[in-house]
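A, B, ... follow the sequence lines: proteins, then strands. Residue 1 opens every chain. Keep in mind that this is a model prediction, so the values were computed, not measured. Below, all heavy atoms of this structure are taken into account, side chains as well, without hydrogens, waters or symmetry copies.
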Protein chains: 2
Amino acid sequence: MVRKRVTLSQVAQEAGVAASTASLVLAGRADELRISATAQERVREAARRLGYRPNALSAGLRTGSTRTLGFVSDSVASSQLAGEMIRGAIEAARARGYMVFVGETGGDGQLERDLLDAMFDRQVDGIVLATMLTHARTIPTAATRMPTVLLNIEPDGDTDLVQVLPDEYRAGREAARLLVDTGHRRIHLIGVGDDPAHAHPFALAAAQRLRGVLDVLAEEGLRVASAQPAGQWLPPEGFRLTTALVERGEPADALLCFNDRLAMGAYQALQEAGVRVPDDVSVLSFDDTPFARWLRPGLTTFAFPQRALGRRATDELIDLIERARDDGDEGAGPGAAVHLIPLPLRTRESVAERG
Amino acid sequence: MVRKRVTLSQVAQEAGVAASTASLVLAGRADELRISATAQERVREAARRLGYRPNALSAGLRTGSTRTLGFVSDSVASSQLAGEMIRGAIEAARARGYMVFVGETGGDGQLERDLLDAMFDRQVDGIVLATMLTHARTIPTAATRMPTVLLNIEPDGDTDLVQVLPDEYRAGREAARLLVDTGHRRIHLIGVGDDPAHAHPFALAAAQRLRGVLDVLAEEGLRVASAQPAGQWLPPEGFRLTTALVERGEPADALLCFNDRLAMGAYQALQEAGVRVPDDVSVLSFDDTPFARWLRPGLTTFAFPQRALGRRATDELIDLIERARDDGDEGAGPGAAVHLIPLPLRTRESVAERG
DNA sequence: CTGTTAGCGCCTTCAC
DNA sequence: GTGAAGGCGCTAACAG
């Protein structure tokens, strides 16, 4: 069932040359070192015939580079977001010839250390450390053993690590801008209070998004019509808050829901109350979860760019690794760059022109 | 930034013994070979002080075992299912001290070969080969180079590979049984026709599920009230089919939707037509996608056991690997076992008692 | 232009 | 009980 591996020396022998010659040919450095065309051809032919594949362990041991990355996230069971980030990461890695080990900690610090150790043992060239919920956290010291990029993580203190983050502030601004520009004046916030300092539960993400919203409204001389925090950003909360809003009889032009699940609950509440979207009230949201397009009417929402985040973090990491290698590992590199990834708007049918 | 690795010989030197002695101690074989307690202690102490971590590449090169697996799936962008399978796989792997490389092919055969090669190059001990849509496919010959388990794949021809599959037939039976036992007689199928031989689009899964449904109904002397195939198993199709059903004025006790997204569309159609779930008609479904619990009323559905599938496939693979190692790689092993994983019922509010 | 030599870090006989 | 020697497969000097 399991065939034996073919080694370089077998190829060399088959081709009638020395192992080192075969190595050079197969590494593509034959011309540079002016090895005869016939020898090259014989080596390549032998390699093909025997189905030779270089042993990456061995090469890694020798060169110190394994073209292997680690991706460690804390993704909580409830969050479906993890998948796309990982997908983006392995895509970007693949495009540059890297493979990736994936690990999940479920928020367990000990498990995180164990995973990082296990990856370190296997000589990964670097690590992407990710959270599914943007929030502050302390960075494991283990991360300093190898090149590391922080994905969707705001570190507690100072770091000299590269960070990749969604541009929540800008998305908040754009959301408010969109509603204002389409004539909405009485805007209700679903999911957060009106104080960025206490914008539980996904602290930083929510706070920055909120700040963006409030800033634009202030620039327009407007204030938020109401702002209701939610303990969980799930449909039942969206339903509850929206129902309460409707029952209070407050006039509303638009609901700005802080994620799609809240918006789903809001839709249900509006529907049961006989309020039409978007004719009576517009709904705008964040995330672009799969069901957003299937709600009726389709939900207009700012997509959380999971895939782009995963891709970008990985590209930054590989840049870091290869730069370090090329520079002969001199110095600390550029240090703490922060890369912000925009949240693109998915325009569907839930926001109308007013006035 | 990147500290140098500590090697075994450094530990040995620090402890004042030979490298081989240190190796034995750290491998836990010291007692067996009667190495002095003081030497053992010195080695352990030195290893701790220096923060020694064995280099898995080197050990792998020497022993042939890397405690590393590959997970290759074809997961299509639309499918959110992939994530949980991968999660199950890395969980199970972690529990037994393995790390896993994750790769996705997007259905591209060349990319699949490349990924399998890249994993082979890195000396993975074995591979889980997965599809997100259960269907027939040919197995890449590359898979025969290393221990392989097929996850959610029905191979075209014969295989001697271990397979892990969801028990679709049984889920179909249980679904029909549930509806019949709760007094439903006029049952409409949403998403498939009434001929298992043409149960497009997710051929085998749908066909087996359908067969299970039809078998139970036949045993009860019943027939399906109607059965409408859908090109795509998405909400718009569920909406369309259900709307058509309502407009035809056919009496209905229950809708059996072949996945939750179809059910979501069915809900929307029923709601817009003023038909109440479950008072007027029950809805039963398959998958347990995240939104199933958030629909109103909560959707009763058979959960597609993604996580359990990933876990089980990985456990089977590791069994295979370790058995082969222990047996000194003798013979082909047990060959083509097929393991069926049940789809557990998530009871919510969409199915009522009738009669 | 090609071959020989010397490790990368670890494990495993086999002498001492 | 312990240490020296060899080799897993590959690459990178350095001779020739």
Listed pairs, N/O of protein and of nucleotides 12-15 of chain C, under 3.5 Å:
none

- Distance (rounded to the nearest 0.5 Å) between A:Ile127 CD1 and A:Leu150 CG: 11.5 Å
- Message: For the residue pair A:Thr68 / A:Arg122, report whether a side-chain donor-acceptor contact shorter than 3.5 Å exists.
- Response: no
- Take the C1' atoms of the five end pairs on each side of the helix from C:dC1-D:dG16 to C:dC16-D:dG1, get both axes, and report the angle to 10 degrees. 50°
- Modelled atom types, side-chain donor and acceptor of A:Ser65 and A:Thr63, under 3.5 Å: no
- Message: Please tell me if B:Ser36 has a side-chain N or O lying less than 4.0 Å from either OP1 or OP2 of D:dT2.
- Response: yes
- Note on the structure: When A:Arg53 and B:Thr38 are each assigned the nearest nucleotide of DNA chain D, the 5'-most assignment goes to B:Thr38
- Message: Is the shortest side-chain heavy-atom distance between A:Phe71 and A:Leu151 below 4.5 Å?
- Response: yes
- Task: Select one nucleotide: of D:dT11, C:dC10, D:dG3, the one nearest the side-chain heavy atoms of B:Thr7.
- Result: C:dC10
- Query: Just one of B:Thr131, B:Asp114, B:Asp74 clears the side chain to side chain contact (heavy atoms under 4.5 Å, CB included) bar with B:Thr105, so which one?
  - Reply: B:Asp74
- Message: Between A:Gln123 and B:Arg5, is there a side-chain donor-acceptor contact under 3.5 Å, judged purely by atom types and distance?
- Response: yes
- Message: With side chain to side chain contact (heavy atoms under 4.5 Å, CB included) as the test, pick out the partner of B:Glu112 among B:Leu115, B:Asp108, B:Leu116.
- Response: B:Leu116
- Tell me: CZ of B:Arg122 to P of D:dG9, nearest whole Å? 18 Å
- Message: Please tell me if B:Tyr52 has a side-chain N or O lying less than 4.0 Å from either OP1 or OP2 of C:dG9.
- Response: no
- Query: In whole angstrom, what separates A:Leu57's CG from C:dC11's P?
  - Reply: 14 Å
- Query: To the nearest Å, how far apart are A:Leu61 CG and C:dA6 C1'?
  - Reply: 14 Å
- Note on the structure: So CG of B:Leu320 and CE of B:Met146: to nearest 0.5 Å the spacing works out to 13.0 Å
- Task: Mind checking B:Leu8 for me? I need base, sugar-phosphate or nothing, with any heavy atom below 4.0 Å counting as a touch.
- Result: sugar-phosphate
